[in-house]
Amino acid sequence: MLIQGLGLIVLALILCQILAWVMRQRMEVRAVDQIAQGEIAYLRRLTEEAEVRTQTRIRQTDLAWSGWRKFRVLTIMDESDSVKSFYLTPHDKKPLPPFLPGQHVAVKVMPKGRPDPIVRCYSLSCAPNAQFYRISVRREGPRPEAPDRPPGLMSDFLHTSLQEGDFIDLKSPSGTFTLDLSLHTPIVLIGGGIGITPVFSMLDAIVTQKSNREVWFFAGMRNQHDHPMRMQLQAYADRCEHLRLMVCYSDPSPECQQDKDYHHQGFVSVDLLRRCLPSNNYDFYFCGPPGMMEALNRDLGAWGVPANRLHYEAFGPATVGSKVGSPTGSELADVFTIKFLRSDKTVEWTSTKGSLLDLADQHGVRIESGCRSGNCGTCVTAIRHGEIDYPVPPSDMPDEGTCLVCTAVPRSDLELDA
Ligand SMILES: Cc1cc2nc3c(=O)[nH]c(=O)nc-3n(C[C@H](O)[C@H](O)[C@H](O)COP(=O)(O)OP(=O)(O)OC[C@H]3O[C@@H](n4cnc5c(N)ncnc54)[C@H](O)[C@@H]3O)c2cc1C
Ligand code: FES
């Protein structure tokens, strides 16, 4: 009996082992199956994302135009005391290229009584859509600290003269400060002052896309009077669980209530980011005044954010992380001869003369220009002989054999078609 009982127990144990082995096998098969499914889904997503990127590029290239195109001002809206938004639609009623959030357009206007047109760049400040473009422009008026300074030419014209129904000229959207909408990685968007426009476009695109991408948005303004897109930002923050909004006022006015109208008193700094964000594992996109950009770039690097996760744009000649302002000894020692062929002028360049456009201005050589920061393409000039360098690379490189003289400096003696 005892032997029989032991036999049964041994048999039961063997059966249990076999059963456990079979179950393990089935679980492993299922796990492998799940991993394979996961990998297939992951690969499918990568393929779909690549497809979206390719399609967007194809549609952009197909619909982009060269040169200037007439746009009608549909609507003008106040965004703050000093910022107005202009909704623009193509006069020819043909489709618009689907720009990438963060890109800008060059705008040309010809105010009455001026001998030359004015050209400036403005970021598109809304999500890509097929109906209209929107730019949001801050009027560069005389400031209390410099009341005698004349207002900015273009921004003053747009604010005080341009009317709904008027026409302005635009170049196709361009620029490399863009957000890839086919990705789902977490991001931090930081806009200081009017630098909010390109990062707002990125946020608007994410919200329009109904993406669940984790987004932190830091808006750095003086106070609520200076704060464009205030209502829209708050509406998005109320609506989107994946969006965290931090409004920072450096000089809140007495009627502003902390935690209702704004969250933090002071500037947007890496110290603040470190207190808010759970880690530094984000892509950072920022645009704002030069001091803010320099500090963010430097301090995010010191916090351990790799350079390829820092994306930024300046609204003027940028020096963030560039060679400008720190020429090497040999650069300082360089002297080159520059021939402006059409003007029949030969002059000397040294690093104190600035860009080739500055040099042309100093010697009365007329070259049409707009942004003077390598963004609008207006100053493109053919190089007949010699080599140039860009201390700050332009947002879009011009064609081979030409250069953007507003940001170019010589690397050798030069002959320019100007
Ligand atoms: C890629 C890019 C995107 C941009 N996006 C935007 C945007 O979305 N929104 C926006 O508002 N801007 C944007 N800008 C800036 C914009 O292009 C213009 O630089 C800005 O509007 C000022 O142009 P303006 O013609 O009004 O001023 P300008 O006439 O060029 O004058 C510039 C400043 O100099 C001052 N000034 C003029 N004359 C004198 C003088 N004699 N002495 C002393 N000071 C003087 C003016 O008061 C003004 O503050 C962007 C720029 C770039 C490069
Ligand atoms: S003036 Fe705009 S690119 Fe040179």
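Remember, it's 1-based here, ligands and their atoms both numbered in the order they're listed. None of these values were measured; they are calculated from a predicted model.
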Exercise. Looking only at side chains, do H363 and E348 share a donor and an acceptor under 3.5 Å apart?
Worked result: no
Problem set entry | Region of N375 that comes within reach of ligand 2 [heavy atoms, distance under 4.0 Å] | backbone
For this session: Return yes when at least one protein heavy atom is under 4.0 Å from atom 50 (C) of ligand 1, and no when none is.
Result: yes
Problem set entry | Residues D92, R69: salt bridge by 4.0 Å N-O rule | yes
Exercise. With no hydrogens and no angle check, is any side-chain donor or acceptor of Q103 less than 3.5 Å from a backbone partner on L100?
Worked result: yes
For this session: For ligand 1, note which part of S155 has a heavy atom under 4.0 Å away: side chain, backbone, both or neither.
Result: both
Exercise. Cut-off 3.5 Å, side chains only: do S125 and S136 have a donor facing an acceptor?
Worked result: yes
Seminar exercise, completed: Of all protein heavy atoms, the one nearest atom 8 (O) of ligand 1 is T197 OG1, 2.8 Å
Exercise. What's the shortest distance from atom 46 (C) of ligand 1 to any protein heavy atom, and which residue and atom give it?
Worked result: P150 O, 3.6 Å
Exercise. Is R134 salt-bridged to E79, going by a charged N under 4.0 Å from an acidic O?
Worked result: yes
Seminar exercise, completed: For R372, the ligand 2 atoms with a heavy-atom partner under 4.0 Å come out as 1 (S), 2 (Fe)
Problem set entry | Donor-acceptor contact below 3.5 Å, side chain S253 vs main chain C256 | no
Exercise. Quick check: are there more than 12 heavy atoms from other residues, nucleotides or ligands sitting under 6.0 Å from CZ of R244?
Worked result: no
For this session: Would you kindly specify which portion of R149 sits under 4.0 Å from ligand 1, judged on non-hydrogen atoms: side chain, backbone, both or neither?
Result: side chain
Problem set entry | Salt bridge present between K70 and D169 (N-O < 4.0 angstrom) | yes
Exercise. Just by modelled atom types, is the S369 backbone N or O under 3.5 Å from a matching donor or acceptor in the T378 side chain?
Worked result: no
Exercise. Can you tell me if C371 has an N, O or S atom under 2.8 Å away from atom 2 (Fe) of ligand 2?
Worked result: yes
Problem set entry | Atoms in ligand 1 flagged as close to V137, the criterion being non-hydrogen separation under 4.0 Å | 11 (O)
Exercise. At what distance is the nearest protein heavy atom to atom 32 (C) of ligand 1, and which residue and atom is it?
Worked result: G152 CA, 4.8 Å
Exercise. If you measure from the Lys or Arg side-chain nitrogens to the Asp or Glu carboxylate oxygens, is any gap between D361 and R372 under 4.0 Å?
Worked result: yes
For this session: For atom 3 (S) of ligand 2, find the nearest protein heavy atom and state the residue, atom name and distance (0.1 Å precision).
Result: G377 N, 3.2 Å
Problem set entry | Where ligand 2 meets C376 - atom numbers and elements under 4.0 angstrom, heavy-atom basis | 1 (S), 2 (Fe), 3 (S)
For this session: Tell me which protein heavy atom sits closest to atom 1 (C) of ligand 1, plus the residue, atom name and distance to 0.1 Å.
Result: H104 ND1, 3.5 Å
Exercise. With F71, which of Y87, F167, Y133 fulfils ring-ring contact (aromatic ring centres under 6.0 Å, His included)?
Worked result: Y133
For this session: State the atoms of ligand 2, each with its element, that fall below the 4.0 Å cut-off from a heavy-atom position in G374.
Result: 3 (S)
Exercise. Taking atom types as modelled, is there a side-chain donor on T185 or R213 under 3.5 Å from an acceptor on the other?
Worked result: yes
Exercise. Are any of the N or O atoms of R138 closer than 3.5 Å to those of ligand 1?
Worked result: yes
Exercise. For ligand 1, which atoms sit closer than 4.0 Å to a heavy atom of S373?
Worked result: 53 (C)
Exercise. For atom 48 (C) of ligand 1, which protein heavy atom lies nearest, and how many Å away is it?
Worked result: E140 CB, 3.7 Å
Problem set entry | Salt-bridge contact R384-E415 (side-chain N to carboxylate O under 4.0 Å) | no
Exercise. For ligand 1, which atoms sit closer than 4.0 Å to a heavy atom of L153?
Worked result: 24 (P), 25 (O), 26 (O), 27 (O), 28 (P), 29 (O)
For this session: Quick one: look at S136 and ligand 1, take heavy-atom pairs under 4.0 Å, and tell me if it's side chain, backbone, both or neither.
Result: backbone
For this session: Just go through F200, F157, F315 and tell me whose heavy atom is the nearest to atom 6 (C) of ligand 1.
Result: F315
Problem set entry | Any non-hydrogen protein atom less than 4.0 Å away from atom 10 (C) of ligand 1 | yes
Exercise. With distance as the sole criterion, is a donor-acceptor pair present between the side chains of N375 and S373 under 3.5 Å?
Worked result: yes
Exercise. With only distance considered, is C371 within less than 3.5 Å of ligand 1 through an N or O on each side?
Worked result: no
Exercise. Please state which protein non-hydrogen atom is closest to atom 21 (O) of ligand 1 and give its distance, to 0.1 Å?
Worked result: Y122 OH, 2.7 Å
Exercise. Measuring to atom 4 (Fe) of ligand 2, does C406 have an N/O/S atom at a distance below 2.8 Å?
Worked result: yes
For this session: Distance to 0.1 Å, residue and atom name: give those for the protein heavy atom nearest to atom 19 (O) of ligand 1.
Result: R120 CD, 4.2 Å
Exercise. Between the side chains of Q362 and D358, does any donor sit under 3.5 Å from an acceptor?
Worked result: no
Exercise. Do any of the N, O or S atoms of C379 sit under 2.8 Å from atom 2 (Fe) of ligand 2?
Worked result: no
Seminar exercise, completed: re atom 16 (C) of ligand 1, the protein heavy-atom contact at minimum distance is C121 O, 3.4 Å
For this session: Please work out whether the ring planes of F336 and W349 are parallel, tilted or perpendicular, with thresholds of 30° and 60°.
Result: parallel
